[in-house]
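Positions are given from 1 along the sequence.
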Amino acid sequence: ELVDPFDGVYDLEDGIIATPLDPDITFSDDPLRMMRCVRFATQLNFRIEQETREALARNAQRLKIISGERIADEMNKIMLSPHPSIGFYELRESGLLELILPELIAMDVVEKRNGKAHKNNYDHTLEVLENLCRAQQLVESEGRATPHSAEYKVWLRWAALLHDIGKPKSKRWDNVQGWTFHNHNIIGAKMVPVIF
């Protein structure tokens, strides 16, 4: 006999992530549960139930009491999911990403001057990440050997995520060329050790 006092089976069937008790209490008791909520939604391609989603935003600041190592562990699990961009959009919407990777949030800006705009580097970065994931999945499905383990896979994905991280700091307007991002790769390379 299945004992399911919170009707979790129906949430599984419907592809919903919801806390069994009041989400504010659940996330306040252990703020890492907010990261796990996003991770499960990402790994399973489930949607986060509205009340739970609102509680993520209300309790986001509680994440500050969680150690960097525990957050990094959840981030790596999100990165190793089939579509990590789902997690990054969820983290962004909930306010958690601003606490974890504010440098990534800085990329989610498009400026227009004299009729010229640059692309949204945040969306572009997540597109690059998804393209890499598809390529990795293709290699795996064909049975081709990959150079290393999951560790190699996650670091390559981090490289994709951070490849343009220096663009906000290097962005300049040039009256002839329009928007430029000169040396963003050098600036970004210096930012990565600090981020990690």
Can [Y] be reached from [X] by stepping across I, L, V, M, F, W or Y side chains whose heavy atoms are under 4.5 Å apart?
X      : Y      : result
Ile165 : Leu161 : yes
Val110 : Leu97  : no
Leu12  : Ile86  : no
Phe46  : Val9   : no
Leu101 : Ile71  : yes

Report the residues that fulfil salt bridge (charged side-chain N to carboxylate O under 4.0 Å, His left out) with Arg134, sequence neighbours left out, ordered by chain and then residue number.
none

For [X] against [Y], the heavy-atom pair lying closest together:
X      : Y      : answer
Met79  : Phe88  : SD-CE1, 3.7 Å
Glu51  : Pro23  : OE2-CD, 3.7 Å
Asp164 : Pro168 : O-CD, 4.0 Å
Pro82  : Gln43  : CD-O, 4.2 Å

For the backbone of [Y] and the side chain of [X], can you confirm whether one donor and one acceptor N or O come within less than 3.5 Å of each other?
X      : Y      : result
Glu90  : Ala41  : no
Asn183 : Ile186 : no
Arg62  : Ser28  : yes
Asn120 : Asp123 : yes
Glu98  : Ile105 : no
Asn114 : Lys116 : no
Arg70  : Leu32  : no

Approximate separation, where rounding is to 0.5 Å, of [X] [atom1] and [Y] [atom2]:
X      : Y      : atom1 : atom2 : answer
Gln50  : Thr52  : CD    : OG1   : 9.0 Å
Asp11  : Ile17  : CG    : CD1   : 8.5 Å
Leu104 : Asp108 : CG    : CG    : 8.5 Å
Leu129 : Leu156 : CG    : CG    : 9.5 Å
Ile100 : Ile66  : CD1   : CD1   : 11.0 Å
Lys171 : Met107 : NZ    : CE    : 11.0 Å

Any carboxylate oxygen within less than 4.0 angstrom of a Lys/Arg side-chain nitrogen, looking at Glu140 and Lys153?
yes

Looking at Glu93 and Arg53, does any basic side-chain N land under 4.0 Å from a carboxylate oxygen?
yes

Qualifying residue, where the test is side-chain contact (heavy atoms from CB on, under 4.5 Å) with Leu91 and the options are Leu96, Thr42, Leu56
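It is Leu96, the one option of Leu96, Thr42, Leu56 that forms the side-chain contact (heavy atoms from CB on, under 4.5 Å) with Leu91.
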
Within 6.0 Å of CZ in Arg47, more than 12 heavy atoms from elsewhere:
no

Taking atom CZ as the centre, does Phe6 end up with more than 12 heavy-atom neighbours from other residues, nucleotides or ligands that are less than 6.0 angstrom away?
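Enclosed.
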
Do the two ring centres, one from His124 and one from His118, sit under 6.0 Å apart?
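No, they do not, as the ring centres are separated by 6.0 Å or more.
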
